[in-house]
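One structure is given here, and the rest of the page talks about it.
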Amino acid sequence: MSDSTRFKPGKSIKLADYDPADTGGVKNKGAAEEEIAAGIEKIADLSFRLYAEARRSVLLILQGMDTSGKDGTIRHVMTGVNPLTCEIVAFKEPTTEELDHDFLWRIHRAVPRRGKVGIFNRSQYEDVLVVRVKHLAPESVWRPRYGMINAFEKLLTQNDTTIVKCFLHISKDEQRKRLQARIDDPHKRWKFNLGDLADRRHWDDYQQAYEDALNECNTAEAPWHIVPSDKKWYRNLVVTRILLRTLTELDPHFPPAKENLEGIVVE
Ligand code: AMP
Ligand code: MG
């Protein structure tokens, strides 16, 4: 598979150069869905082997503006995967207990244990995104966090966690449509907060904060992928491919039996 969503560590990117409506040459939804279905079967098998092996873990981080599809991606990519083999965690506004600790405390407690595929819906990056844009902390507090995040991610990778980070990139106009749908559709209203409109007013500030986070924290150990997400089917396909490739490269195996079982017959 092409590596077009990934960019070289050390290279500085501009988000404006990436088209959120890109479909990478994939013809249509039907073609994508076929590949996704086949990909999920393989992801399920590989995740089960990773679980049985119980030595290493995978952490998939999903970040993106409201309505970019963090929940939808999890639903599509993990449907059909044995729930025993994965752990999904969503990070909301920190609780008072969480605020009484350093910003990585709640994150570290939630990382996947050996054998699991962990998915973060939002993550440590909120502390250099919303915190920066909404001035929840001064620059002297949030700026050093890029380095802290890089060091933290290095610690995890050196402890056998493979990290993949996906930025779900949507356009401002696509967000408008999706927010409007959340207002108009009674089945979607539960997802809507008036605060989403306030965040939308800071669209440019968020794009800048994302661009900086991507550039500052795109390490060889824990690379960022920019996932075009205006088309949901392409977004799902890209994340499926990324997860499948990560697991394929890990090549997990069922471990040998704990004892010599040769010739044992159960009576
Ligand atoms: P949602 O993902 O739509 O359920 O919303 C979760 C909300 O929690 C978003 O508005 C996030 O920006 C917010 N949030 C997550 N982490 C933090 C954080 N560390 N500091 C402040 N707000 C956060
Ligand atoms: Mg929301």
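Atoms within a ligand are numbered from 1 in the order they appear, just like the ligands themselves.
Between the side chains of E35 and T240, no donor N or O sits under 3.5 Å from an acceptor N or O.
Under 4.0 Å from ligand 1, the heavy atoms of R122 that appear belong solely to its side chain. Contacts of R106 with ligand 1, taken as heavy-atom pairs under 4.0 Å, involve the side chain alone. When heavy-atom distances to ligand 1 are checked against a 4.0 Å cut-off, L129 has no atom that comes that close, whether in backbone or side chain.
Checked options R145, E153, R106; the residue passing with Q124 is E153 (criterion: side chain to side chain donor-acceptor pair (under 3.5 Å)).
Here is the list of ligand 1 atoms found below 4.0 Å of a heavy atom in V130: 12 (O), 20 (N), 21 (C), 22 (N), 23 (C). Under a 4.0 Å criterion applied to the non-hydrogen atoms of L136, ligand 1 contributes the atoms 21 (C).
No more than 12 heavy atoms of other residues, nucleotides or ligands sit less than 6.0 Å from atom CZ of F48.
Scanning the protein for heavy atoms near atom 4 (O) of ligand 1, the closest one is K92 NZ, 2.4 Å. Residue, atom and distance of the protein heavy atom nearest to atom 20 (N) of ligand 1 are P94 CD, 3.4 Å.
Salt-bridge check for R176 with D173: passed, with a basic side-chain N closer than 4.0 Å to an acidic carboxylate O. Between R49 and E53 no salt bridge is recorded (no basic side-chain N to carboxylate O distance below 4.0 Å). Between D66 and R122 a salt bridge is recorded (basic side-chain N to carboxylate O distance below 4.0 Å).
The shortest N/O to N/O separation between E126 and ligand 1 falls below 3.5 Å. Here's the thing with E93: one of its N/O atoms is less than 3.5 angstrom from an N/O atom of ligand 1. Checked against a 3.5 angstrom limit, the closest N/O atoms of D127 and ligand 1 fall inside it.
A distance-only check finds no donor-acceptor pair linking the side chain of H225 to the backbone of P223 [under 3.5 Å].
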